[in-house]
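All heavy atoms count here, side chains included; hydrogens, waters and symmetry mates do not. Sequential numbering from 1 along the given sequence is applied to the chain's residues.
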Amino acid sequence: MFQSSVVEKCKANDRAAQLQLYRKYCDGMYIVAMRFVRNTDDAEDVLQESFIKAFQKIHQFKGDVTFGAWLKRIVVNKSIDFLKLKKENISLNEDSMHVVADDDNWNVSSTISIEQVRYAIDELQDKYKYVVLMFLVEGYDHQEIAQVLNISESACRTRLSRGKSHLKELLKGNNYGTGS
């Protein structure tokens, strides 16, 4: 009940309630932004813009999901928007893509550290990195990723599959091994 009453107060433009929500979610959302932008100043900017947008659009929050999940989607979108502005976006011709079967095997050798995987993800091209991060780290499904990135679900599956392949190659190339 805490969340719904605070959100309702925020909808009435109650600054104390906004501060309460900010304090509850700022640390977790900062971590989400950092996963994408990888720079503390940029993550803070993304976080600030995300909360501003959330409070401006809070009347659109219907409670279908938790406030945290709703806010996380805003943070992810703002992070991706920030990165797109920073770097020229690479476009793909979806007509040339083939449908890829789902492969849920993300196993890597137990000798690989999380830092090594993160470094390898950072080395991926943006078109793959965003999908891999959203799927593997943030837990979005193909439909949600497709909506956020404004691509088809087929393109999302293809990018995820190719991103996974590139990630495995990067890990093998760095002699980390992937176990498959």
Undergrad: Before we go on, tell me: are the rings of Phe67 and Tyr25 under 6.0 Å apart, centre to centre?
TA: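 Phe67 vs Tyr25: aromatic centres under 6.0 Å.
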Undergrad: Does some side-chain heavy atom of Ile151 sit less than 4.5 Å from a side-chain heavy atom of Arg159?
TA: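 The answer is yes, as the side chains (C-beta and beyond) meet within the 4.5 Å cut-off.
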Undergrad: Among residues two or more places apart or on two chains, list those pairs meeting side-chain hydrogen bond (donor to acceptor under 3.5 Å, both in side chains) that have a residue in residues 46-70.
TA: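 Listed once each, the pairs would be none.
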Undergrad: List the residues meeting side-chain hydrogen bond (donor to acceptor under 3.5 Å, both in side chains) with Tyr30, not counting sequence neighbours, and say none if there are none.
TA: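 Testing Tyr30 for side-chain hydrogen bond (donor to acceptor under 3.5 Å, both in side chains), a comparison that skips the adjacent residues, returns none.
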Undergrad: Using the side chain to side chain contact (heavy atoms under 4.5 Å, CB included) definition, which of the options Leu47, Val46, Asp42 pairs with Ser79?
TA: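 Testing Ser79 for a side chain to side chain contact (heavy atoms under 4.5 Å, CB included) against Leu47, Val46, Asp42 leaves exactly one candidate, Val46.
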Undergrad: So do Val148 and Ile80 actually touch side chain to side chain, heavy atoms under 4.5 Å?
TA: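 In contact.
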Undergrad: What pairs with Asp122 under salt bridge (Lys or Arg N to Asp or Glu O under 4.0 Å), at least two apart in sequence or on another chain?
TA: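 For Asp122, the residues satisfying salt bridge (Lys or Arg N to Asp or Glu O under 4.0 Å) (neighbours in sequence not counted) are Arg38.
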Undergrad: Is there side-chain contact between Arg73 and Glu144, with heavy atoms separated by less than 4.5 Å?
TA: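 Counting from C-beta outward, Arg73 and Glu144 do come under 4.5 Å.
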Undergrad: Please determine whether residues Tyr140 and Val137 belong to a single hydrophobic cluster, defined as Ile, Leu, Val, Met, Phe, Trp and Tyr linked transitively by side-chain heavy-atom distances below 4.5 Å.
TA: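 Yes, Tyr140 connects to Val137 through the hydrophobic network.
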Undergrad: Checking Glu8 now: which residues fulfil salt bridge (Lys or Arg N to Asp or Glu O under 4.0 Å) with it, not counting sequence neighbours?
TA: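 Residues passing salt bridge (Lys or Arg N to Asp or Glu O under 4.0 Å) with Glu8: Lys11.
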Undergrad: Relative to each other, are the rings of Phe36 and Tyr130 parallel, tilted or perpendicular (30° and 60° limits)?
TA: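 Judged by the thresholds at 30° and 60°, the geometry between Phe36 and Tyr130 is tilted.
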Undergrad: Only one of Val32, Val76, Ile121, Leu124 forms a side chain to side chain contact (heavy atoms under 4.5 Å, CB included) with Leu133, so which one is it?
TA: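 Of all the options given, the one that passes is Ile121.
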Undergrad: Would Met29 and Ile74 count as a side-chain contact (heavy atoms from CB on, under 4.5 Å) if you check the C-alpha gap in whole Å, the side-chain angles of each, and the deciding distance to 0.1 Å?
TA: CA-CA 10 Å; Met29 296 303 137; Ile74 292 172; over 6 Å; no
Undergrad: If we only count heavy atoms from C-beta on, is the Phe51 to Val75 side-chain gap below 4.5 Å?
TA: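 With C-beta onward as the side chain, the pair stays apart.
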Undergrad: For Arg35, give me all partners under salt bridge (Lys or Arg N to Asp or Glu O under 4.0 Å), at least two apart in sequence or on another chain.
TA: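 Scan of Arg35 (salt bridge (Lys or Arg N to Asp or Glu O under 4.0 Å), adjacent residues dropped) gives Glu138.
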Undergrad: For the pair Cys156 and Val131, evaluate side-chain contact (heavy atoms from CB on, under 4.5 Å) and give the outcome as yes or no after the intermediate values.
TA: CA-CA 7 Å; Cys156 175; Val131 175; 4.1 Å; yes
Undergrad: Apply side chain to side chain contact (heavy atoms under 4.5 Å, CB included) to Asn13 and list each qualifying residue two or more places apart in sequence or on a separate chain.
TA: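 For Asn13, the residues satisfying side chain to side chain contact (heavy atoms under 4.5 Å, CB included) (neighbours in sequence not counted) are Arg15, Gln18.
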Undergrad: What pairs with Asp81 under side chain to side chain contact (heavy atoms under 4.5 Å, CB included), at least two apart in sequence or on another chain?
TA: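 Testing Asp81 for side chain to side chain contact (heavy atoms under 4.5 Å, CB included), a comparison that skips the adjacent residues, returns none.
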